[in-house]
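Please read the structure below before turning to the comments.
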Amino acid sequence: MRPPSPICLAPVRPTHSSPGSGPPADGHNPISGKSTLLHLLGGLDRPSGGEVWLNGRRIDDIGERALARMRRTAVGFVFQSFHLMEELTAVENVELPALLAGRSPRAARRRAQELLERVGLDHRARFPPSALSGGQRQRVAVARALSNEPSVVLADEPTGNLDSAATLDVLRLFDGLHESGQTLVIVTHDARIAATADRLISMRDGAFVDETRLTGGTTGRLGALAGLED
């Protein structure tokens, strides 16, 4: 069975763009609503109307404690600015969600070490974020998002602060996660990143204006598809 398709949410500029043209490569549209949608999907915000469902359960009407439990166990977040705790090492950052979810320190540490090895950073486990490159910090953030084996990983501009080489590393990581069956929802305004998804949803002013199934998706030479390597 094919793994759940990675989805990209991309803005469409209010002017000089038409539905179906794909996301703009030359700027961020702060009013498209894609980050707000991601926050609603992850239970960080509540909708003013409508319903939000996750894993067959409505989540917009549950209490704050239940919502917090859902965020800890069912959703992994990856942010553009990493949001790592500077006073903790890489492995301590990764194990923190598991500890908050009630895992034993030994189990949380073992899981964190496994995830850092998976993202290729086991040799940097004892280093603080300040000693890591931007790409390495984002890979730590991805490992942290996977700590509690979430149903879905929500990534908000995960390569926005990275150079091309680091962007390619993160894309390869996401590709491997997809192939292993992890559901991914990625917000981006970069057409190169959007081109690596299987499904692209374009947004304008808080509404879906286009949906495209991309046959290339995350198969084949990912870096070439994203225009990041020759």
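Because only heavy atoms are used, hydrogens play no part in the values below, and waters and symmetry mates are left out as well, while side chains stay in.
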Carefully, step by step, assess R110 and S104 under the rule side-chain contact (heavy atoms from CB on, under 4.5 Å).
CA-CA 10 Å; R110 183 169 60 250; S104 70; over 6 Å; no
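- A single hydrophobic cluster is seen to contain both L38 and I201, as judged by linkage of ILVMFWY side chains at heavy-atom distances under 4.5 Å, directly or through other members.
- Without hydrogens or angle criteria, N93 side chain to M85 main chain gives a donor-acceptor distance under 3.5 Å.
- For F174 against I186, the heavy-atom pair with the smallest separation is CD1-CD1, 3.9 Å.
- Note: the hydrophobic cluster containing L100 does not contain V140 (ILVMFWY, side chain heavy atoms under 4.5 Å, direct or indirect links).
- A heavy-atom distance below 4.5 Å is found between the side chains of V153 and L146.
- A distance of 8.5 Å separates CG of L41 from CG of L54, quoted to the nearest 0.5 Å.
- Note on L173: it clusters hydrophobically with L132, by side-chain heavy-atom contacts below 4.5 Å among ILVMFWY residues.
- Side-chain atoms of D210 and T212 form a donor-acceptor pair, as typed in the model, at a separation below 3.5 Å.
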I'd like to know whether T183 forms a side-chain contact (heavy atoms from CB on, under 4.5 Å) with S151, so could you lay out the CA-CA distance, the side-chain angles of the two residues, the decisive distance to 0.1 Å, and finally the verdict.
CA-CA 7 Å; T183 299; S151 301; over 6 Å; no
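- Panel note: side chain N148, backbone R72; a donor-acceptor pair is recorded below 3.5 Å.
- A donor-acceptor pair is defined here as one N or O able to donate and one able to accept, closer than 3.5 Å; such a pair exists between the side chain of R46 and the backbone of D60.
- Across all their heavy atoms, V78 and A141 have their closest contact at CG2-O, 4.3 Å.
- Contact between R57 and A66 at its shortest, heavy atoms only, is NH2-CB, 4.2 Å.
- The shortest heavy-atom contact between A108 and L99 is CB-CD2, 3.7 Å.
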Check the pair L154 / F79 against side-chain contact (heavy atoms from CB on, under 4.5 Å), numbers first and verdict last.
CA-CA 9 Å; L154 306 176; F79 300 98; over 6 Å; no
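- Under the 4.5 Å side-chain criterion, counting only non-hydrogen atoms from C-beta, H178 is in contact with D198.
- Within the 4.5 Å cutoff, side-chain heavy atoms of F77 are placed close to those of L44.
- To the nearest 0.5 Å, the span separating CZ on R126 from OG1 on T89 amounts to 6.5 Å.
- Side-chain atoms of L171 and T167, non-hydrogen and from C-beta on, do get closer than 4.5 Å to each other.
- Of the possible donor and acceptor atoms, one in the side chain of S147 sits under 3.5 Å from a partner among the backbone N and O of V94.
- When all heavy atoms of V187 and S35 are compared, the pair lying nearest together is CG1-OG, 4.2 Å.
- Residues I62 and V152 fall within the same hydrophobic cluster, defined by Ile, Leu, Val, Met, Phe, Trp and Tyr side chains chained together at heavy-atom separations under 4.5 Å.
- For the pair Q136/D169, no side-chain contact is recorded, criterion being any heavy-atom separation below 4.5 Å from C-beta on.
- Side-chain contact between Q113 and D122 is absent, with no heavy-atom pair separated by less than 4.5 Å.
- Atom CH2 in W53 sits 7.0 Å away from atom CZ in R58 (nearest 0.5 Å).
- Counting only heavy atoms from C-beta outward, the side chains of P158 and Q138 approach each other to under 4.5 Å.
- No continuous path of hydrophobic side-chain contacts links L96 to L116 [ILVMFWY only; heavy atoms under 4.5 Å].
- Ionic pairing of E95 and R106 is not present here: no N-O contact between side-chain nitrogen and carboxylate oxygen is shorter than 4.0 angstrom.
- Using a 4.5 Å cut-off on side-chain heavy atoms (C-beta onward), R144 and V142 make no contact.
- A donor-acceptor contact closer than 3.5 angstrom is absent between the side chains of D156 and Q80.
- Using a 4.0 Å cut-off between charged nitrogen and carboxylate oxygen, E149 and R103 count as a salt-bridge pair.
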Show the numbers, then the answer: is there a side-chain contact (heavy atoms from CB on, under 4.5 Å) between E211 and S202?
CA-CA 6 Å; E211 180 177 349; S202 298; over 6 Å; no
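- Note that CZ of R124 and CZ of R139 are 10.0 Å apart. Values are rounded to the nearest 0.5 Å.
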